[in-house]
Amino acid sequence: MSNSFDEKVTPIYQEIIKRNPGETEFHQAVREVLESLGPVLVKYPEFAHHKIIQRICEPERQIIFRVPWTDDKNNVHINRGFRVEFNSALGPYKGGLRFHPSVYLGIIKFLGFEQIFKNALTGLPIGGGKGGSDFDPKGKSDSEIMRFCQSFMTELYRHIGEHTDVPAGDIGVGGREIGYMFGQYKRITNRYEAGVITGKGLDWGGSLVRKEATGYGNVFFVKEMLKTINESIEGKTCIVSGSGNVSIYTIEKIHELGGKVVACSDSNGYIYDKAGIDLQVVKQLKEVERRRIKDYLEYRGDARYIEKGNIWEVPCQLAFPSATQNELNGKDATLLVKNGCIAIGEGANMPTTPDGVKVFQEAGILYAPGKAANAGGVATSTLEMMQNASRDSWSFEFTENKLSEIMTNIHNLCYEKAEEFGSPGNYVLGANVAGFIRVANAMLAMGVI
Ligand code: GLU
């Protein structure tokens with residue numbers, strides 16, 4: 001990847017910084033895509049002529065709203081809700097909702113922007129969007145979560161629909177929250193519109209494999225990358241940061257394929273289990289009891305917990321950053337490479353800082369950016385929408401095969417585009433270019449809108 005801009009792209013980027021002050025994560029996400037686009041404009045001058053880059057960087061619609069709710073002691077709280085409907089050239093806006101105190105417009109815009117290209121890479125008919133709130137679900141009771149979700153949906157419902165905008169989960173939003181939000185949508189609209197939201201429960205319109213899809217998909221992608229150097233996951237020592245939905249099902253698939261995950265984490269620290277993480281314990285702690293990862297030691301006496309520790313210091317051959325944005329910096333990347341890491345698969349969105357990406361690329365190790373590697377989640381959301389539209393439900397095996405096929409296709413597309421644009425093995429370039437061209441062609445066809 002060239003870490004500087006093509007001369008045509010520089011003024012476009014400068015204008016975006018000026019128009020969107022203070023939104024640092026959004027700037028970072030835009031910069032990373034724009035750095036890949038120089039050669040695309042040479043090959044397709046019509047994209048420049050029709051100002052496709054400038055239009056793609058401006059969301060079609062941005063919604064910000066008040067979310068008032070009362071806690072169990074009857075105190076009133078006010079949070080801020082967001083939905084950024086970024087691009088609908090390929091289909092209805094599609095992307096998750098994130099509930100986390102760090103959420104502000106810059107985070108939602110970075111996520112929405114990434115989502116455009118990720119969704120395009122899947123080859124499925126979905127546009128890009130993202131939403132969420134600065135609400136902190138940590139420590140809240142079940143009824144507080146329900147009241148918050150109901151208040152959030154009481155405003156959001158007017159903006160979404162199965163042909164308009166289809167939210168799903170992200171950090172802080174899982175099956176429980178999707179249930180409360182879908183219930184409120186159904187009540188307000190008096191419609192059983194299953195395709196309006198994805199990540200639903202299996203008894204009420206959800207799809208098998210959706211829960212597993214982001215993690216499984218990332219492992220499928222890394223498996224394909226390893227094939228290109230005659231390697232496999234079997235027998236490899238792995239680390240997976242985070243311990244949420246993405247991490248759990250990344251660990252599950254790695255173990256199924258014969259790899260060994262020795263460490264995972266939460267925002268307080270990481271656990272190291274030399275014998276391999278006992279996933280049943282992590283599932284019980286995180287999915288059922290909603291506890292912290294340090295409690296793993298109660299079940300596995302031989303494991304270690306490193307409070308405030310840096311998980312990237314654990315030697316491994318494969319690393320799967322699956323917690324959050326910018327969790328892995330240049331120093332961490334250097335450490336990973338030094339310790340013998342040969343491949344990175346990003347389960348989270350933009351988990352590696354630009355410095356870190358540079359280190360991986362200069363070291364020549366396999367590096368799969370999130371927008372390609374973690375596309376399995378949104379792809380399976382789209383499989384859920386297909387099942388909803390046809391009032392069908394597919395078997396686990398059938399759905400998992402579809403997911404695996406989609407991830408292999410994304411891998412091959414990125415690989416081929418990187419070669420075509422003169423940078424073999426550069427999955428960042430391949431993903432950005434392939435995603436961009438697909439959206440740009442659709443925008444071109446639809447005129448200046
Ligand atoms: N939040 C997930 C992502 O980052 C999934 C989105 C979806 O299923 O719509 O892609």
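Read the numbers this way: they start at 1 and go in the same order the structure lists the ligands and their atoms. Values reported hereafter were calculated over all heavy atoms of this structure, with side chains retained and with hydrogens, waters and symmetry mates removed. Throughout, numbering of the chain's residues begins at 1 and tracks the sequence. Keep in mind that what you see is a predicted model, and the values were worked out from it rather than measured.
- Among protein heavy atoms, the minimum distance from atom 5 (C) of ligand 1 is reached at R210 NH2, 3.4 Å.
- Ranking the protein heavy atoms by distance from atom 9 (O) of ligand 1 puts K94 NZ, 2.7 Å first.
- With ring centers used as reference points, Y180 lies 6.0 Å or more from F148.
- An N or O contact shorter than 3.5 Å links K118 to ligand 1 by distance.
- Side-chain atoms of T250 come within 3.5 Å of backbone atoms of V246 as a donor-acceptor pair (strictly under, hydrogens ignored).
- By the 4.0 Å heavy-atom criterion, R98 is excluded from the residues contacting ligand 1.
- Residues K283 and E252 are paired through a salt bridge, judged by an N-O separation under 4.0 Å between the basic side chain and the carboxylate.
- Between H411 and Y415, the ring planes are parallel. Angles under 30° get that label, and only those over 60° would be called perpendicular.
- Summarising the contacts of atom 2 (C) of ligand 1 with G112, G129, G169, the nearest heavy atom is found in G169.
- Under the 30°/60° scheme for interplanar angles, the aromatic rings of F182 and W204 are found to lie parallel.
- Using a 4.0 Å cut-off to heavy atoms of A168, the atoms of ligand 1 that qualify are 7 (C), 8 (O), 9 (O).
- With a 4.0 Å heavy-atom cut-off, ligand 1 is reached by the side chain of N349 but not by its N, CA, C or O.
- Side-chain contact, Q325 with E25: no donor N or O sits under 3.5 Å from an acceptor N or O.
- Under 3.5 Å, the side chains of N432 and K417 contain no donor-acceptor pair of N or O atoms.
- Among all non-hydrogen protein atoms, the one lying nearest atom 6 (C) of ligand 1 is G96 N, 3.6 Å.
- Contacts between K130 and ligand 1 below 4.0 angstrom, taking non-hydrogen atoms only, involve the side chain exclusively.
- Proximity to S381 (heavy-atom distance under 4.0 Å) selects the following atoms of ligand 1: 7 (C), 8 (O), 9 (O).
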